[in-house]
Amino acid sequence: MALGLMLAAITPALAEKAPLADTQLSDPAKEAQAKALMETIRCVECQGQAISDSNADIAGNMRSLIRERIKAGESPEQVRGWLIQRYGDYISYDPPLGGATWPLWAAPFVLLAIGIVIARSSFRRKR
């Protein structure tokens with residue numbers, strides 16, 4: 001039992017980090033594509049932070065995965081699509097317009113309209 005607990009405690013330390021998590025690609029154009037994509041993908045652990053800024057292990061794995069896929073020739077849009085398919089629309093800071101996300105897209109316009117109505121009524125009362 002004690003041996004099992006010790007192994008459980010040191011296993012994360014022995015785990016190999018994702019190979020391309022913090023290593024840039026040799027092709028500057030592909031690295032630029034990968035970095036641009038990483039800034040638009042949300043860390044599933046941190047939830048409010050892009051994977052490019054996160055120190056979470058899963059963010060490192062996702063950075064590595066993005067670099068591997070782009071290095072293999074996939075476009076950033078294909079990689080984004082795969083990530084959205086795997087993790088859902090929430091993973092993207094720019095979710096696609098759809099049945100579940102239309103309130104996100106409509107909210108700024110609705111709030112702007114409400115603000116205009118409030119401002120107009122406020123100015124009319126002051127006259």
Side-chain angles (χ1 to χ4, degrees):
M1 175 132 166
L3 179 63
L5 288 174
M6 287 176 32
L7 285 175
I10 64 169
T11 300
L14 297 176
E16 185 177 323
K17 279 193 85 171
L20 294 175
D22 299 315
T23 304
Q24 294 187 356
L25 296 174
S26 58
D27 182 353
K30 288 187 177 188
E31 178 63 22
Q33 289 177 337
K35 282 192 174 190
L37 178 58
M38 287 179 222
E39 291 176 4
T40 65
I41 300 297
R42 187 185 319 260
C43 176
V44 294
E45 185 176 323
C46 306
Q47 297 186 359
Q49 198 172 18
I51 62 170
S52 60
D53 300 328
S54 175
N55 291 330
D57 288 339
I58 186 121
N61 290 339
M62 292 172 80
R63 287 192 303 270
S64 180
L65 181 129
I66 287 172
R67 284 187 172 114
E68 287 172 5
R69 292 184 88 123
I70 287 180
K71 184 178 179 180
E74 288 186 46
S75 72
E77 293 79 26
Q78 289 172 317
V79 178
R80 175 191 302 284
W82 182 83
L83 287 167
I84 289 172
Q85 183 181 22
R86 183 169 183 178
Y87 294 104
D89 290 332
Y90 179 78
I91 195 89
S92 176
Y93 280 121
D94 187 20
L97 181 59
T101 60
W102 73 265
L104 292 172
W105 290 99
F109 299 109
V110 171
L111 292 173
L112 179 64
I114 292 170
I116 289 171
V117 168
I118 291 171
R120 289 181 91 191
S121 67
S122 176
F123 289 134
R124 285 186 183 165
R125 275 190 248 144
K126 290 184 179 182
R127 286 186 191 180

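Numbers for residues simply follow the sequence, beginning at 1.
Residues passing the side chain to side chain donor-acceptor pair (under 3.5 Å) test with R69 are E74, sequence neighbours excluded. Every side-chain contact (heavy atoms from CB on, under 4.5 Å) that I114 has, sequence neighbours left out, goes to V110, I118. When the side-chain contact (heavy atoms from CB on, under 4.5 Å) test is applied to R86, the partners found at least two apart in sequence or on another chain are W82.
For the pair M62/I91, a side-chain contact is recorded, criterion being any heavy-atom separation below 4.5 Å from C-beta on. With contacts defined as side-chain heavy-atom distances shorter than 4.5 Å, the pair R67/E31 qualifies. A 4.5 Å side-chain heavy-atom check between I51 and I66 finds at least one atom pair inside the cut-off.
Here the shortest heavy-atom pairing between K71 and K30 reads O-NZ, 3.3 Å. Between I84 and S92, the closest heavy-atom pair is CD1-CB, 4.1 Å. Taking each heavy atom of Y87 and I58 in turn, the nearest pair found is OH-CD1, 4.4 Å. In this structure, E39 and A50 approach most closely via the heavy-atom pair O-CB, 3.7 Å. Here the closest heavy-atom approach between residue I70 and residue A34 is recorded as CD1-CA, 3.5 Å.
How far CG of N55 is from SG of C46: 8.0 Å, rounded to the nearest 0.5 Å.
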